[in-house]
> 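Structure in structure tokens, see below.
We number each residue from 1, following the sequence as shown. All ligand and atom numbering here is 1-based and tracks the order in the structure. None of these values were measured; they are calculated from a predicted model.
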Amino acid sequence: MADVRPDTMERITTEALAEAFIDEQIAAIKAQVGNKRVLLALSGGVDSSVVAALLIKAIGKNLVCVHVNHGLLRKGEPEQVIEVFRNQMDANLIYIDAVDRFLDKLAGVAEPERKRKIIGEEFIRVFEEEARKLEGIEFLAQGTIYPDILESGPVKSHHNVGGLPEDIHFEGLVEPLKLLFKDEVRMVGKTLGLPDSMVYRQPFPGPGLGVRCTGAITRERLELVRESDAILREEFANAGLQGKVWQYFTIVPDCKSVGLKNNLRSFENFVVIRAVNTIDAMTATIEPIPYDLLGKIVARITSEVPGVNRVLYDLTPKPTGTIEWE
Ligand code: XMP
């Protein structure tokens, strides 16, 4: 398959069109890989999940999925990957708990680009080590989509977790989504039976919560990010905002402020809420969250997340802010 989308290619807007695409790709994958085995780094993001579901349909257990938990995933994500792919789809899934390894490597590292580099490189290292243990893997599958091919020159280094291992030779690459736009990938994922919570997920950066726990990451502050993010997502879902706002998440800066808790002085971290809308992530506007919803979120975070005494709402559009804080 060439890397240029032909003008004649119809946009996949319905399940019927997605079914035709799926049948076509299953035949193409079978023709490309035959009885050989294929390796996939499965992060649980939309693209790698759709590739996994497609390959499971095409070659079943000859697909080997590797899910690396780098400790920077959102609450419930590794569990969902195991539930959907191992338990429901009966996939050949290797789960790697690399949490300590990543957090040890990141300890004391405060510079944002350095953090991204460590996360990206360590991911490839863990993945390569695992790939070497597996014998007879001939192909590597990737969730490349059309915007990945079109994109150039980001402001920050975008180390997409799932980068290509350089030291291992594969007979070929399997990239069934490489001519599709995001909305088409979602339609294919839905048609393949993936849960809505996976198919309609908001974008999530490769370095994960690591760029939302600013400065040097500590396990304590990472938990504050994870727990406050889970509350924010739950409240957005309850308010019917899921799928209507491009991206919403929390940040925990490496900074404390004085507050008052249970009539006692507290000196604790604060949580920043960011909720933005955008078309292409190059510029972004602020989502005007209703005040009563904001109040509810503040009350829940300050009472349910120990170690937080204050919540702020970032009102800065992009530019001058970027969407992520690092
Ligand atoms: P910024 O912060 O540059 O983010 O305004 C623009 C969009 O890109 C996402 N983002 C990333 N996505 N790997 C990714 O796959 C990354 O390293 C990365 N960094 C930022 C960000 O969440 C936003 O949607």
> Looking only at distances, please establish whether an N/O atom of ligand 1 is found under 3.5 Å from an N/O atom of G206.
yes
> Looking only at the side chains, is there a donor atom on one of N277 and T285 sitting less than 3.5 Å from an acceptor on the other?
no
> When rounded to the nearest 0.5 angstrom, what is the spacing between CG in L93 and CD1 in I56?
8.5 Å
> Can you sort out which atoms of ligand 1 are near T322, meaning under 4.0 Å from one of its heavy atoms?
1 (P), 2 (O), 5 (O)
> Sequence neighbours left out, what passes salt bridge (Lys or Arg N to Asp or Glu O under 4.0 Å) with K244? Give chain and number order.
none
> Give yes or no for whether the N/O distance cutoff of 3.5 Å, strictly under, is met between F204 and ligand 1.
no
> Which atoms from ligand 1 have a heavy atom of R116 less than 4.0 Å away?
16 (C), 17 (O), 18 (C), 19 (N), 20 (C)
> Roughly how far, to the nearest 0.5 Å, is the CH2 atom of W325 from the CZ atom of R274?
8.5 Å
> Below 4.0 angstrom from a heavy atom of P207, which ligand 1 atoms are there? Numbered from 1 as shown, please.
16 (C), 17 (O)
> So, D100 and R219, do they make that salt bridge, N to O below 4.0 Å?
yes
